[in-house]
Trainee: 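Take a look at this one; I'll ask things after.
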2 protein chains.
Amino acid sequence: MRISELSRRTGVSIPTIKFYLREELLPPGSPKARNQAEYGERHLRRIWLIRTFTTVGGLDLSSVRKLIQVIEDESLPLAAVYRILDRTMARPPLEPPCPDSVTQARDQVDRLMEQLGWRLLDDSGGATTLVQVLAALRTLGCESDLAFLLPYARAAAALADAELDLLATDDGEPDRGAAVVRGVLLDVASAALRRMAHEQQVLVRLPDAAG
Amino acid sequence: MRISELSRRTGVSIPTIKFYLREELLPPGSPKARNQAEYGERHLRRIWLIRTFTTVGGLDLSSVRKLIQVIEDESLPLAAVYRILDRTMARPPLEPPCPDSVTQARDQVDRLMEQLGWRLLDDSGGATTLVQVLAALRTLGCESDLAFLLPYARAAAALADAELDLLATDDGEPDRGAAVVRGVLLDVASAALRRMAHEQQVLVRLPDAAG
DNA sequence: GAGTAGTGGAAAGTGCCGCTGTCCATATTT
DNA sequence: AAATATGGACAGCGGCACTTTCCACTACTC
């Protein structure tokens, strides 16, 4: 398969494919002549992966690069794969406009973790984000008890559990590539589902919303 | 208060404040002389709002502008406010690399809605996203039964319910500004919490993840 | 075998976004 | 009087994800 067919079958323009090649997001095809290379199924799948990560997952290309490296590196244990995945999905914490309140917010999160019986790594991206959000909510003057988050947190844990169940395969080795894609897509899916729940509750409780 | 104090107290640089003024994200101060204007608490709060939406909420300036307009427009009913909020938070659906599978994915989502007893508006941003994700998962060959999403969806609905409970105030009128900020921040918070649940489950089930 | 279309590779250019820097006539502070 | 700050206009920048242009060459098409 040459570049034009690759382009046709993926719906990605030739210049963009060349760009991905240059960026080494896509490995070069096997050269057949000075200006002729052969691309295969692997390239098709790779392009599908890149487009899925960017358009559905909303990731930037540096994140995509990281995830591809992780998938490729067979020596990396699955636990490390997930750790990098979780780091990559968490938006990098830009400094928020709430320098105060952060200490209290951190305490709140610690207490929540305790109530849930969770023990995360220190550099958890999610926890950092949660602290910032709570600090902002406090600055807003909306410093509620976090107990109402508990059932949701447990449901989220159950969801993550179900995701990890999918690792089991017929042969012993789990498909690391599929695990990463699933991780990204389920993250997006659960965010979407939560927003749908929000829309639903708004429709139920503020009936004139249908207008 | 003049611009330098506004800058000092918000931590936002003067050029940036000027930029926000130009973009009409920030209303002009009341002029005191040809080159002197007075800014007040309102400007402080507005800048806090903009920075919170962008740095914590991850919104772009056009979304921020939309949300500010919504908050300002007193005539808009609360239901409409939430509707715009939900539309704004949902990432605009870039065309994904899965032209097929979309029909089946739509059916899956319809069935899920039925099981949940939900009835969303046709143009639900969350539903569109969910369809795309399921189509991608199907292309990946990971087309599981969506039943495992049900408890999570119900917990998400309960969370949204709790959020709407916060609308009640001492006087009759709910604070629409606070409602919007809360909507944005709780969206980010629940995404963070879900990722924390994921990290937690990974640590529990793949114990060597601590390395 | 002449003509056209396609190919890989390099380099420069594009459009958008969120600022940032510069300039200037005027005000304020010291 | 000198130094600093202000508001306003406008050009410029850095990052990102491409897109365009050019080239020498190859491969099908008649």
Side-chain angles (χ1 to χ4, degrees), chain A residues 1-40 43 46-47 49-68 88 91-92 94-97, chain B residues 1-40 43 46-47 49-68 88 91-92 94-97:
Chain A
M1 181 181 0
R2 281 168 311 183
I3 202 169
S4 59
E5 190 178 349
L6 200 54
S7 167
R8 201 166 24 73
R9 289 176 60 182
T10 56
V12 174
S13 75
I14 291 178
T16 300
I17 292 177
K18 286 184 174 182
F19 168 71
Y20 290 159
L21 285 166
R22 229 174 317 137
E23 292 291 303
E24 302 188 349
L25 289 163
L26 198 57
S30 46
K32 287 273 171 285
R34 187 182 300 281
N35 65 344
Q36 214 75 45
E38 177 74 9
Y39 303 97
H43 296 89
R46 174 62 63 85
I47 290 179
L49 197 65
I50 296 171
R51 300 308 299 203
T52 301
F53 281 163
T54 54
T55 65
V56 184
L59 297 177
D60 59 19
L61 291 185
S62 75
S63 299
V64 172
R65 195 193 316 279
K66 226 178 295 172
L67 292 185
I68 287 176
T88 304
R91 205 154 25 75
L94 303 159
E95 42 166 309
Chain B
M1 184 179 358
R2 281 169 311 184
I3 203 171
S4 59
E5 188 178 349
L6 200 55
S7 168
R8 203 166 21 75
R9 288 178 59 183
T10 56
V12 174
S13 75
I14 291 177
T16 301
I17 292 177
K18 286 184 174 182
F19 168 71
Y20 289 158
L21 285 166
R22 254 197 324 278
E23 292 289 305
E24 300 188 351
L25 290 163
L26 198 58
S30 45
K32 286 273 171 284
R34 187 181 300 279
N35 65 343
Q36 215 75 44
E38 178 74 9
Y39 303 97
H43 296 88
R46 175 62 63 84
I47 290 178
L49 198 66
I50 297 171
R51 300 309 299 202
T52 300
F53 282 163
T54 54
T55 65
V56 183
L59 297 176
D60 60 18
L61 291 186
S62 75
S63 299
V64 172
R65 193 192 317 279
K66 226 177 295 172
L67 292 186
I68 287 175
T88 304
R91 205 155 23 77
L94 301 159
E95 43 165 311

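For the numbers below, each heavy atom of this structure counts, side chains included, while hydrogens, waters and symmetry mates do not.
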Trainee: Could you tell me the separation between the CD1 atom of Ile3(A) and the C1' atom of dA5(C), rounded to a whole number of Å?
Mentor: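 Going from CD1 in Ile3(A) over to C1' in dA5(C) covers 15 Å.
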
Trainee: Rounding to an integer number of Å, can you tell me how far Glu24(B) CD sits from dG8(D) C1'?
Mentor: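 The answer, rounded to whole Å, is 14 Å.
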
Trainee: Listed by chain and number, what are the side chain to side chain donor-acceptor pair (under 3.5 Å) partners of Arg46(A), not counting sequence neighbours?
Mentor: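 Glu72(A).
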
Trainee: Test of understanding: with side-chain contact (heavy atoms from CB on, under 4.5 Å), list the residues that count as partners of Thr16(B), not counting sequence neighbours.
Mentor: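 Here the qualifying residues are Val12(B), Ser13(B), Tyr20(B), Arg51(B).
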
Trainee: Taking protein heavy atoms under 4.0 Å as touching, what does nucleotides 18-30 of chain C look like 5' to 3' if B marks base contact, S marks sugar-phosphate-only contact and - marks none?
Mentor: SBB-----BSSS-

Trainee: Are any non-hydrogen side-chain atoms of Ile68(B) and Ile50(B) less than 4.5 angstrom apart?
Mentor: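 A side-chain contact under 4.5 Å exists here.
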
Trainee: Take the protein atom CD1 of Ile17(B) and the nucleotide atom P of dG7(D), then report the distance between them rounded to whole Å.
Mentor: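 About 10 Å, once rounded to whole Å.
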
Trainee: Taking side-chain contact (heavy atoms from CB on, under 4.5 Å) as the test, write out the residues that go with Leu21(A), two or more places apart.
Mentor: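 Leu21(A) satisfies side-chain contact (heavy atoms from CB on, under 4.5 Å) with Ile17(A), Leu26(A), Tyr39(A) only.
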
Trainee: Rounded to the Å, how far apart are Glu23(B) CD and dC10(D) C1'?
Mentor: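 Rounded to whole Å, this separation is 13 Å.
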
Trainee: Is His43(A) reaching over with its side chain to a backbone N or O of Leu6(A), donor-acceptor style, under 3.5 angstrom?
Mentor: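 The answer is no, because no donor-acceptor pair under 3.5 Å joins these two groups.
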
Trainee: In whole angstroms, how far is the C1' atom of dA9(D) from the CG atom of Leu21(B)?
Mentor: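 After rounding, the gap between these two atoms is 13 Å.
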
Trainee: Any pair with a residue in residues 12-22 of chain B that passes salt bridge (Lys or Arg N to Asp or Glu O under 4.0 Å), sequence neighbours left out, goes on the list, sorted by first then second residue, please.
Mentor: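 The answer is none; no pair qualifies.
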
Trainee: Check side chain to side chain donor-acceptor pair (under 3.5 Å) between Ser62(A) and all other residues, then give those that pass, not counting sequence neighbours.
Mentor: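 Listed in chain order: Asp60(A).
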
Trainee: Under 3.5 Å between N/O atoms: give me all the protein pairs with nucleotides 1-4 of chain C, atom names plus distance.
Mentor:
none

Trainee: So, using side chain to side chain donor-acceptor pair (under 3.5 Å) as the criterion, who are the partners of Glu5(A) when residues are at least two apart?
Mentor: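 Per chain and number, Glu5(A) pairs via side chain to side chain donor-acceptor pair (under 3.5 Å) with Arg9(A).
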
Trainee: Pairs in or reaching into residues 23-36 of chain B: which pass side chain to side chain donor-acceptor pair (under 3.5 Å), with residues at least two apart or in two chains?
Mentor: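 Qualifying pairs, neighbours excluded: Glu23(B)-Arg65(B).
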
Trainee: Distance check needed: dC17(C) P versus Ile50(B) CD1, whole Å only.
Mentor: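 Going from CD1 in Ile50(B) over to P in dC17(C) covers 17 Å.
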
Trainee: In whole angstroms, how far is the C1' atom of dT21(D) from the CD1 atom of Ile14(A)?
Mentor: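 For the pair Ile14(A) CD1 and dT21(D) C1', the rounded distance is 15 Å.
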
Trainee: Using atom types as modelled and distance alone, determine if a side-chain donor or acceptor of Arg8(A) lies under 3.5 Å from a backbone N or O of Ile3(A).
Mentor: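 It does not hold such a pair.
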
Trainee: Which residues satisfy the side-chain contact (heavy atoms from CB on, under 4.5 Å) test with Thr88(A), sequence neighbours excluded?
Mentor: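 So Thr88(A) forms a side-chain contact (heavy atoms from CB on, under 4.5 Å) with Ser63(A), Lys66(A), Leu67(A), Ile84(A).
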
Trainee: Please list, in numerical order, the residues of residues 5-12 of chain B that have a heavy atom closer than 4.0 Å to any atom of DNA chain C.
Mentor: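 Result for residues 5-12 of chain B: none.
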
